[in-house]
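Questions regarding the structure given below will be posed in turn.
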Amino acid sequence: MTQPSAPVVWLQPAAPPKPAEGAPCNGCGLCCLAEPCPLGVLVSRRRRGTCVALRWSDRDQRYWCGMVAEPASVTGWRHPWVVRGLSLLARRWIASGVGCDADLQAQAAPPDA
């Protein structure tokens, strides 16, 4: 029987390395690129693949959850009180600040990829 292959995701070259499990999130993006969290399932409307809410920040050189950083760009809702509320709720739902819980390992692509 063949082992299922690990998902392949492409990170921004400037993305920070994945932190150790339990360490604070540094915006490496690996978890959200591999699959959406429960909140991401709601906004992505899928259980597999990259979360549609994931955003790369050139300024910060890291990934951000769009539901935290820019809820209007994910949902289309623009009312300031709704956007603020969604951002606060998203922080709680994704356990922002609790620590990395992604049991994933990044691996460099082979030179011919």
Point to revise | Joint cluster assignment, Val82 & Trp93, ILVMFWY side-chain distance < 4.5 Å | key: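 Shared cluster, yes.
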
Exercise for review: Determine, stepwise, if the pair Asn26 / Arg62 fulfils side-chain contact (heavy atoms from CB on, under 4.5 Å).
Suggested key: CA-CA 7 Å; Asn26 66 1; Arg62 64 168 287 164; 5.7 Å; no

Practice item. Provide the closest heavy-atom pair for Val83 versus Trp77 in the form atom of the first, atom of the second, distance. Key: CG2-O, 3.4 Å

Point to revise | Contact summary for Pro19 and Cys28, nearest pair of heavy atoms | key: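 Closest approach of Pro19 to Cys28, heavy atoms only: CD-SG, 4.1 Å.
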
Practice item. Taking Arg78 for its side chain and Ala72 for its backbone only, find out whether a donor-acceptor pair lies under 3.5 Å. Key: yes

Throw together a table of side-chain donor-acceptor distances under 3.5 angstrom for residues 29-51, partners on residues two or more places apart or in other chains.
residue, atom, partner, partner atom, Å
Ser44, OG, Gly40, O, 2.9
Ser44, OG, Val52, N, 2.9
Arg46, NE, Thr50, O, 3.3
Arg46, NH2, Thr50, O, 2.5
Thr50, OG1, Leu33, O, 2.9

Revision key, fill the gap. Note: Ala14 and Trp56 closest approach over all heavy atoms is C-CH2, 3.9 Å

Review point. Among all residues two or more places apart in sequence or in another chain, which pass the side chain to side chain contact (heavy atoms under 4.5 Å, CB included) test with Arg55?
Key: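 Residues passing side chain to side chain contact (heavy atoms under 4.5 Å, CB included) with Arg55: Glu70, Ser73, Val74.
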
Check your understanding: Do the side chain of Tyr63 and the main chain of Gln12 share a donor and acceptor less than 3.5 angstrom apart?
Key -> yes

Review point. Taking Met67 as the fixed residue, which of Leu89, Ile94, Thr75 is the one that meets the side chain to side chain contact (heavy atoms under 4.5 Å, CB included) rule?
Key: Thr75

